[in-house]
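Computed from a prediction, not measured in an experiment: that's the story for all the values here. Position 1 is the first residue of the sequence; numbering continues from there.
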Amino acid sequence: MSDQIKFIVDNLNKEPFGKNYNLITFDSLEPMQLLQVLSDVLAEIDPKQVVDIREEMPEQTAKRMLSLLGILKYKPPGNATDMSNFRQGLVIGSKPVIYPVLHWLLQRTNELKKRAYLARFLIKLEVPSEFLQDETVADTNKQYEDLMEAFKTLHKECEQLKASGFSTAEIRRDISAMEEEKDQLIKRVERLKKRVETVQNHQRMLKIARQLRVEKEREEFLAQQKQEQKNQLFHAVQRLQRIQNQLKSMRHAAADAKPESLMKRLEEEIKFNSYMVTEKFPKELENKKKELQFLQKVVSEPAMGHSDLLELESKINEINTQISQLIEKKMMRNEPIEGKLSLYRQQASIISRKKEAKAEELQEAKEKLANLEREVSVKTNQTREFDGTEVLKGDERTEELLKQRHENIQHQLQTIEEKKGISGYSYTQEELERVSALKSEVDEMKGRTLDDMSEMVKRLNSLVSEKKSALAPVIKELRQLRQKCQELTQECDEKKSQYDSCAAGLESNRSKLEQEVRGLHEECLQDESRYHYTNCMIKNLEVQLCRATDEMKAYVSSDQQEKRKAIREQYTKNIAEQENLGKKLREKQKAVRESHGPNMKQVKMWRDFEQLMECKKQCFLKQQSQTSIGQVIQEGGEDRLVL
């Protein structure tokens, strides 16, 4: 359980979740917080699940999570009763239910993202059969199914392209490079066209060049066909020669062979062929079938993530450890019967391996013999073409014929050397052969030296075997110590796991106690602040009560001086003063309103008077500075300007 929580916490602290949990804080989460963490993980897998569960009813939350877990093919442990407990635990945010779900989701997040994405398009919408009677609905449903199949095909092709190693960036770069090359070629063609247009009869020359290119392509095609026909002819000649050689060898074997030797050879061939058919080929076929099944299984399974690979590696390591432990236990028992059987099994396996090796050597020897026969036939044909004579086999040769043939060949060789201007070449060749013979002797001496070295190697091997036999007891003791070390390591791991679980329990208890202490401390601070607030309120009330008592005393007192000190009297006096002030201001406002119109007229008259005086001033100034333009006449207190 602690390893599970640790795995969950480590993955939640990584991107894209970016939490800041440790084992204690995560284990102390409330059910609502734990459900929110599960909802966040599901939202990372399917973006449609981004929900604040505080704004959602518990039944809706459980239904949404169960629906997505069903799509992701999560299988809760247990039977139907446990399934109901699982639903109930998911509703209330139970840790024994939430932790396994989080562990399962975080182990295979990438795979589940892909599954959730495909579920959006591949979960078939079931239409009732009575609605399918309508032609429009049936056609729409058929189009829907066809689109679903097309999506499956396109998704498979997309996955194959992703697995093939081609990246879109590389393809884009290649396309851009090819487009640049295309543009460059177009520019070159345009430049060449411009250069050709200046030449006379360029259209006729272009037509001739086009015909030349077509004829060259046709020539290349015909040359390719000719080469293919030559190859076919060569293979046919080789096949004919091989068949002829087989026929000759069979005739030769039938001519001088005895029935016993023929029967023995046939029995050997039958044994070899029966071994190949009954033992070797079936084993190879079975291995190929297993390999094919394994590859098909690998292809059919979805792509594995890093977490799946780590899980498989851990399982493989565990199985290897178990195998090594079983082997060591078996070696420690040293049962005699089992030891004899294992010895016989070992001998049988060695014999079968030797048999397979010899069969492979025989097959290789047959193939080598066939190749040598083909080479001999080729050399024979070359010799026949060279001097027109047939190459004799071993049983067709005699000393006189060989001497005569040697003389003829020497004479022909000298003639050819004289024609070619390389007389003496054969003598030089003989000298080279003599030197090669001397070299072979030196090589033989080297071979003897190598034999001596092989003897030394044998002696060293014997010394090594002696050392191995001397070290055998030490190795046996080392195995016992290794087994003891493994037992102690296992015991240490068990103790460590117990310690970790105990430490985790104590740590969780400590965190709970710390939370309780923190809560009590906060309550204490709240009570203390409440106490101070109450004291302040009491003091304020006491002051107000004291003021109210003094007010009552002053109000009921017969002394007028005391009554004037009362707050009521002061407020009454202030109210009366303010009322008088308000009355005066209202009267003043009324007077202002009544005199507003005449005052505005008077202001306008003064402005007009000001303008008139300004005009007189200007006229007076002009009169002084210029010649008289008009005459000012004063009558009845008015000034008039006569032009």
Side-chain angles (χ1 to χ4, degrees), residues 1-47 49-50 53 61 65-66 68-78 82 85-86 89-90 92-116 301-322 489-490 492-512 515:
M1 190 67 176
S2 60
D3 294 337
Q4 191 180 61
I5 297 174
K6 185 178 179 183
F7 177 79
I8 294 170
V9 170
D10 291 340
N11 282 273
L12 288 176
N13 290 336
K14 296 177 182 177
E15 292 296 332
F17 304 105
K19 305 291 185 182
N20 193 15
Y21 292 138
N22 53 34
L23 294 176
I24 300 167
T25 56
F26 181 74
D27 190 55
S28 60
L29 290 176
E30 296 295 331
M32 187 67 69
Q33 296 173 338
L34 198 59
L35 282 173
Q36 185 63 54
V37 172
L38 178 58
S39 179
D40 294 341
V41 175
L42 292 175
E44 178 62 27
I45 294 172
D46 187 4
Q49 304 294 321
V50 179
I53 61 173
T61 303
M65 291 182 179
L66 285 171
L68 183 57
L69 289 174
I71 292 172
L72 299 178
K73 297 181 181 180
Y74 175 72
K75 295 180 180 179
D82 295 332
N85 294 332
F86 173 77
L90 193 62
I92 64 175
S94 177
K95 292 180 181 179
V97 173
I98 302 295
Y99 285 173
V101 177
L102 284 173
H103 186 264
W104 186 80
L105 292 173
L106 293 172
Q107 273 184 330
R108 44 184 67 82
T109 305
N110 294 328
E111 176 187 348
L112 296 178
K113 280 183 181 179
K114 181 179 177 183
R115 191 174 295 172
E301 289 182 354
M304 299 179 69
H306 184 65
S307 59
D308 298 328
L309 293 175
L310 292 176
E311 186 177 356
L312 287 176
E313 286 180 358
S314 63
K315 288 182 180 179
I316 290 168
N317 293 329
E318 290 177 0
I319 292 170
N320 289 331
T321 306
Q322 292 176 3
T489 305
Q490 186 176 2
C492 177
D493 293 336
E494 292 176 357
K495 297 293 184 183
K496 185 178 180 183
S497 62
Q498 292 176 3
Y499 168 76
D500 291 338
S501 61
C502 182
L506 292 174
E507 191 72 17
S508 65
N509 291 332
R510 187 177 69 83
S511 65
K512 289 179 181 178
Q515 285 184 351

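Within the structure, salt bridge (charged side-chain N to carboxylate O under 4.0 Å, His left out) pairs that include any residue of residues 10-20 comprise Lys19-Asp40 (at least two apart or interchain).
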Item to check | Verdict with supporting geometry, Gln4 and Ile8, side chain to side chain contact (heavy atoms under 4.5 Å, CB included) | outcome: CA-CA 6 Å; Gln4 191 180 61; Ile8 294 170; 4.3 Å; yes

Checklist entry - Should Ser28 and Lys512 be marked as a side chain to side chain contact (heavy atoms under 4.5 Å, CB included) after you check the CA-CA gap, both sets of side-chain angles, and the distance that decides it? => result CA-CA 7 Å; Ser28 60; Lys512 289 179 181 178; 5.7 Å; no

Next on the checklist: Between Glu44 and Lys113, does the side chain to side chain contact (heavy atoms under 4.5 Å, CB included) criterion hold? Intermediate values first, please.
Outcome noted: CA-CA 8 Å; Glu44 178 62 27; Lys113 280 183 181 179; 2.9 Å; yes

Item to check | Evaluation steps, side chain to side chain contact (heavy atoms under 4.5 Å, CB included), between Arg108 and Leu72 | outcome: CA-CA 11 Å; Arg108 44 184 67 82; Leu72 299 178; over 6 Å; no

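Taking each heavy atom of Leu34 and Gly93 in turn, the nearest pair found is CD2-O, 4.1 Å. Closest non-hydrogen pair, Arg115 versus Ile71, comes out as CD-O, 3.8 Å. Annotation for Pro96 and Pro100: closest pair O-CD, 3.1 Å, computed over non-hydrogen atoms.
At a threshold of 4.5 Å between non-hydrogen side-chain atoms, the residues Ile5 and Tyr99 count as touching. For the pair Val37/Phe17, no side-chain contact is recorded, criterion being any heavy-atom separation below 4.5 Å from C-beta on. The shortest distance between side-chain heavy atoms of Leu105 and Leu69 falls below 4.5 Å. The shortest side-chain heavy-atom distance between Leu112 and Tyr74 does not fall under the 4.5 Å cut-off.
Applying the side chain to side chain donor-acceptor pair (under 3.5 Å) test to Thr25 and every residue at least two apart in sequence or in another chain returns Asn22.
Under the 3.5 Å distance criterion, the side-chain polar atoms of Ser39 are left unmatched by any main-chain donor or acceptor of Leu35.
Counting non-hydrogen atoms of neighbouring residues, nucleotides and ligands closer than 6.0 angstrom, the CG atom of Asn20 reaches no more than 12 such neighbours.
Interatomic distance, Gln49 CD to Leu38 CG, rounded to the nearest 0.5 Å: 10.0 Å. Taken to the nearest 0.5 Å, the CD atom of Gln515 stands 11.0 Å off from the CZ atom of Arg510. Atom CG in Leu312 sits 11.0 Å away from atom CG in Asn317 (nearest 0.5 Å). Once rounded to the nearest 0.5 Å, the distance linking CZ of Phe86 with CD1 of Ile98 reads 7.5 Å. Annotation: the span from Thr61 atom OG1 to Gln36 atom CD amounts to 9.0 Å, rounded to 0.5 Å. Taken from CG in Leu29 to CD1 in Ile24, the straight-line distance is 12.5 Å, to the nearest 0.5 Å.
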